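Notes follow once the structure below has been shown.
As a basis for the values below, the full set of heavy atoms in this structure was taken, side chains included, without hydrogen atoms, waters or symmetry mates. All figures in this text were calculated on a predicted structure; none of them were measured in a lab. Both ligands and their constituent atoms are indexed starting at 1 by order of listing.
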Amino acid sequence: MVLCAPIMKTMKTTRSAKLFADAQQLIPGGVNSPVRAFRSVGGQPRFIKRAKGARLYDVDGNSYIDYILSWGPMILGHAAPAIIRTIKKAAANGTSYGAPTELEVTLARMINQAFPSMEKVRLVSSGTEAVMSAIRVARGFTKRDNILKFDGCYHGHSDYLLAKAGSGLATLGIPDSLGVPADFAKHTLTVPYNDIRAVQQIIKEQRNTLACIILEPIAGNMGVVPPAQDFLRTLRRLTAENGILLIFDEVISGFRVTYGGAQTLYGITPDLTVLGKIIGGGLPVGAYGGRKEIMDLIAPSGPVYQAGTLSGNPLAVSAGIETLKQLKVRGVYKKLEEKSAALAEGIGQAAKKAGIPLTQTRVGSMLGAFFTSSAVVDWNTAKLSDTKRYGQFFHKMLEQGIYLAPSQFEAAFLSTAHSTSDIEKTIKAAHAAFKSL
Ligand SMILES: *Cc1c(COP(=O)(O)O)cnc(C)c1O
């Protein structure tokens, strides 16, 4: 019997604090991407010095078992030897040419083999860029302007995707960010995730104006929210019937939930797919692709313009190819599944033991845990989560060397580098953290 919660030593964080103060003088909010600043959990971010396997090491010498994995890409863990070797070798041959390479053909072929729906693929430098370009070609192909997205799905930070229409059925999109003209956002209609009736209603009203429906087939940016039974299948049917393109944003789920992503897992073929994160092996890459007749509209084959100085960058593409090779090894996804299931199970038991209501979601190595007893099926139900409590839990875990996302509404990820002992340590830490809430 445990008589008292373990005493938590307070970590030394003086260097991180000093760097954060400096950073705030020079960089907006001190960070180059907002969630890194810990705003939604309070406190100050840790400045990372290096990473290896499942661990991050900060500038004060603290180490953490990492469940962010750079927000998904590091599925092989950090500084995986094969990836580092590949990047070094590629760098020695020059870091960018602005001319085509064999590497790009190889990666495109590997993507096509994993995602047969991506008959043709264009490589870009980020997920944001890939989504933006996929939507442009969807509009070019259908000659329609409006797009439908789902509340709580994130598709990068391009203007018209930073829009949602608030609760209820969408009429006109309202920008979520200052600096986005209402005229741009008005072409973005939004409805709740998993709400097929809302989609049917919009299609009824907007049949001839909708270029595409875009979604994360497994939502990973409002915490993890899996698609309801038949949601994807019904979307596929409705879009096909109405000449609307279906775009799967698999920037997270691609090569994450299984080698062929959510579309393979659920057996649904979208018209266009967007990839990112894992396919760059930790370097900046995005990709979009789909049916030949759509993709052939892209310049120079067709009139839809899209270009990039560093697109298909040899370092990033090499890292991507090597990552995919490692993921192809038999049993990789099975082991990820087993470890993820064990972690989720242990966390669930720890919460239960402490009497903390927790709703868990998981698809493979994408894990969610919401501080609510309600089922989470969309953004409105995700928001029922007690975010203050999440913030407390986050800090209790961080103090014990467990690095979770500094926001309730992000996924936790596992890598092949997480060991059984890492998972046991994490569950033990969770027992202490839940108990202290
Ligand atoms: C991360 C992400 C993006 C944006 O990718 P960036 O590389 O950050 O621009 C787009 N869609 C989804 C689903 C993502 O998770």
Under 3.5 Å side-chain donor-acceptor pair for Arg236 and Thr239: yes
Under 3.5 Å: N/O of Ile252 near N/O of ligand 1: no
Part of Asn221 with heavy atoms under 4.0 Å of ligand 1, whether side chain, backbone, both or neither: side chain
Ligand 1 contact on Val251 by region, counting heavy-atom pairs under 4.0 Å: side chain
Pair Ser340-Glu337, side-chain donor/acceptor within less than 3.5 Å: no
Minimum-distance protein heavy atom relative to atom 4 (C) of ligand 1: Thr128 N, 3.6 Å
Taking every non-hydrogen atom, the tightest pair across Ser311 and Val124: OG-CA, 3.8 Å
Donor-acceptor pair between Ser365 and Arg256 side chains, under 3.5 angstrom: yes
Of Tyr403, Tyr57, Phe394, the residue whose pairing with Tyr64 passes ring pair (Phe, Tyr, Trp, His ring centres under 6.0 Å): Tyr403
Nearest neighbour of atom 15 (O) of ligand 1 from the list Glu216, His155, Lys277, Glu410, on a heavy-atom basis: Lys277
From the candidates Val285, Ile218, Asp249, the one that places a heavy atom nearest atom 11 (N) of ligand 1: Asp249
Met74 side chain reached by Ser415 side chain, heavy atoms, under 4.5 Å: no
Residue, atom name and distance, where the atom is the protein heavy atom closest to atom 6 (P) of ligand 1: Gly127 N, 3.5 Å
Contact atoms of ligand 1, heavy-atom distance to Ser126 under 4.0 Å: 7 (O), 9 (O)
